[in-house]
Protein chains: 2
Amino acid sequence: MALQVSSRPAFTRAERAFTRAEPDARRASLVEACARVLAREGVAGCSVRAIALEAGVSPGLVGHYFSGIDALVAETYAHIEAQVSAAIDAALEAAGSDPRARLEAFVTASFAPPIASGELLATWIAFWSLVRSRSEIARQHDEQYARFRARLEGLLAECGMPEPQLRRAAIAITALVDGLWLELCLSPQAFSAEEAGAIARQALAALTSSGR
Amino acid sequence: MALQVSSRPAFTRAERAFTRAEPDARRASLVEACARVLAREGVAGCSVRAIALEAGVSPGLVGHYFSGIDALVAETYAHIEAQVSAAIDAALEAAGSDPRARLEAFVTASFAPPIASGELLATWIAFWSLVRSRSEIARQHDEQYARFRARLEGLLAECGMPEPQLRRAAIAITALVDGLWLELCLSPQAFSAEEAGAIARQALAALTSSGR
DNA sequence: GCACTTGTTGTACGAACGTCCAACAAGCAA
DNA sequence: TTGCTTGTTGGACGTTCGTACAACAAGTGC
């Protein structure tokens with residue numbers, strides 16, 4: 001880590017790697033370091049210094065790329081959410097063209113790695129804690145939620161659900177998946193990830209077969 | 001507030017009220033102050049100093065009653081959860097003896113004041129952020145979750161649901177309610193509290209009528 | 001080679017944090 | 001009244017936080 005040399009002033013520092021990175025790559029490495037710190041130490045341990053140490057970078061560099069921890073957490077959330085979205089897309093792709101199979105793959109993937117991981121919980125919590133006080137982060141959440149629900153509405157429509165029912169069914173299934181995911185993270189011994197998937201598919205069947 | 005006199009040492013302080021309270025009452029006032037701070041300032045503003053100021057008490061007193069912020073947050077969560085539980089009990093009482101009406105009252109109450117309030121979100125988030133790192137808090141969550149689910153299983157059994165189905169149905173409905181509640185707090189313009197209740201009742205009908 | 005630009009460093013600084021503790025004040029027993 | 005117990009105070013202390021900034025090093029163009 002080469003941190004014990006810090007007692008010397010700043011004119012001989014050949015022992016520390018000075019590497020200039022592409023701005024995007026540096027941002028990405030900070031985002032990933034932030035995700036690792038959140039996963040390992042939780043919200044309480046998520047500080048500029050901890051993230052800089054994790055990224056192998058000096059503390060000042062964090063402020064050079066992000067206006068503060070909040071902005072970094074928001075980008076970390078967006079980054080992980082993109083990974084989650086990609087994993088679901090891959091599951092839909094793998095499920096083939098049958099609408100029903102695609103719908104089931106959607107909920108099944110929500111409880112499989114890398115999504116159903118307690119390590120992601122701290123990132124979600126850190127983001128949620130900013131929603132009510134920062135309007136731009138509230139907007140980010142609105143957009144993410146709307147995107148998730150719109151995709152689900154599309155899958156339900158493919159399964160032949162009438163348009164007037166789409167909205168409420170999608171809200172219900174989104175809430176069910178999120179609730180199961182949250183409780184799986186918080187009380188992992190209450191039920192398993194496999195059971196969560198089975199419960200969600202079962203509820204899906206009930207919600208899509210009932211007339212209204 | 002009488003805080004500007006702090007430059008003087010500690011031998012003339014007649015201007016500050018010194019009131020000795022019952023230990024339980026003092027604990028309760030600190031818990032309520034913690035809840036107010038969380039509601040007003042969010043997780044980030046929840047410090048020993050802020051809570052002491054809110055309670056009209058010196059910072060040192062917080063440490064006299066609680067081992068730290070974590071313990072105070074845990075007790076605040078338990079306190080609010082007890083209020084939520086009492087509100088649901090009252091709704092069940094008011095619903096009469098019909099099992100179906102009682103079950104619907106259960107979910108309806110979950111989205112009515114004082115439960116469906118964004119001000120509670122920060123308390124929940126502060127508690128959740130401790131679950132994965134503090135085993136005694138994880139246990140507290142397990143117990144609260146088990147209690148909630150057991151009550152729901154009881155209501156479902158009264159409605160005639162066969163015993164083998166109780167567990168999964170209760171997990172699903174609990175997750176649905178929690179997910180709707182969370183998303184209502186985070187994106188309040190996505191749907192209203194009334195719609196959340198209606199969606200939950202609708203899903204309830206689908207989940208309880210489907211054979212399996 | 002030599003300026004010039006700019007990503008990066010390490011430290012310094014003030015503010016806020018949790019904790020600690022000697023001093024103090026109210027109630028109670030005698 | 002007097003002495004004792006104990007809830008309560010307010011400031012001291014060391015730590016950690018986020019931010020700011022001058023110094024430095026790697027590219028880049030000339």
Side-chain angles (χ1 to χ4, degrees), chain A residues 1-30 33-34 37-38 41-74 126 130 134, chain B residues 1-30 33-34 37 41-73 126 130 134:
Chain A
M1 282 297 165
L3 283 178
Q4 67 280 7
V5 298
S6 60
S7 59
R8 239 175 309 158
F11 37 81
T12 56
R13 68 179 83 172
E15 52 276 89
R16 227 232 189 263
F18 184 109
T19 47
R20 186 175 301 232
E22 285 291 312
D24 287 352
R26 189 63 93 181
R27 283 180 74 91
S29 86
L30 287 172
C34 179
V37 169
L38 280 167
E41 319 205 25
V43 179
C46 182
S47 66
V48 168
R49 282 173 165 82
I51 292 165
L53 182 66
E54 176 71 27
V57 128
S58 81
L61 198 60
V62 177
H64 196 264
Y65 282 98
F66 296 93
S67 63
I69 291 277
D70 294 2
L72 179 49
V73 165
L130 303 174
R134 307 280 298 254
Chain B
M1 283 296 165
L3 283 177
Q4 68 279 8
V5 298
S6 61
S7 59
R8 239 176 309 160
F11 37 82
T12 57
R13 69 180 80 172
E15 53 276 88
R16 227 229 189 264
F18 184 108
T19 47
R20 186 175 300 233
E22 284 291 313
D24 288 352
R26 189 64 91 183
R27 283 180 75 91
S29 86
L30 288 172
C34 179
V37 169
E41 319 206 23
V43 180
C46 183
S47 67
V48 169
R49 282 172 164 81
I51 293 165
L53 183 65
E54 176 71 26
V57 129
S58 82
L61 198 61
V62 175
H64 197 264
Y65 282 98
F66 297 94
S67 63
I69 290 277
D70 294 3
L72 180 48
V73 165
L130 303 173
R134 306 282 298 254

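Order of the sequence lines fixes the chain letters, A, B, ..., with proteins taken first and strands second; residue numbering starts at 1 for each chain.
- Residue B/Arg49 is in base contact, counting any heavy-atom pair closer than 4.0 Å across all strands shown.
- The OG atom of B/Ser29 sits 8.0 Å away from atom CG of B/Leu61, with the distance rounded to the nearest 0.5 Å.
- Nearest heavy-atom pair across A/Arg26 and A/Thr19 is NH2-O, 2.7 Å.
- In this structure, B/Ile69 and B/Ser47 approach most closely via the heavy-atom pair CD1-C, 3.7 Å.
- Atom CG in A/Leu61 sits roughly 11 Å away from atom P in C/dG10 (whole-Å rounding).
- Separating the CD1 atom of A/Ile69 from the C1' atom of D/dT16 is a distance of 13 Å, rounded to the nearest angstrom.
- For the pair A/Arg27 CZ and C/dG7 C1', the computed distance is 14 Å after rounding to whole Å.
- Put simply, CD1 on B/Ile51 is 8 Å from P on C/dG18, counting in whole angstrom units.
- As rounded to whole Å, 10 Å separates atom P of C/dT6 from atom CZ of A/Arg20.
- Nucleotide D/dG18 holds its C1' atom 13 Å from the CG atom of A/Leu72, rounded to whole Å.
- Between B/Gly45 and B/Thr19, the residue whose closest nucleotide on DNA chain C is further toward the 5' end is B/Gly45.
- The side chain of B/Ser47 places an N or O atom within less than 4.0 Å of a non-bridging phosphate oxygen (OP1 or OP2) of C/dC17.
- Atom P of nucleotide C/dC17 and atom CG of B/Asp70 are separated by 15 Å, given to the nearest angstrom.
- When heavy atoms are screened at a 4.0 angstrom cut-off, B/Phe66 is found touching no nucleic acid atom at all.
- Residue contacts for B/Gly63: at a heavy-atom cut-off of 4.0 Å it reaches no nucleic acid atom on any strand shown.
- Here the P atom of nucleotide C/dG7 and the NE2 atom of A/His64 are 5 Å apart, to the nearest Å.
- Within the structure, every side-chain polar atom (N or O) of B/Tyr65 is placed at least 4.0 Å from both OP1 and OP2 of D/dG7.
- Closest heavy-atom contact between A/Pro59 and A/Ala52: CA-CB, 3.6 Å.
- For the atom pair CG of B/Leu30 and CG of B/Leu72, the computed distance is 6.5 Å after rounding to the nearest 0.5 Å.
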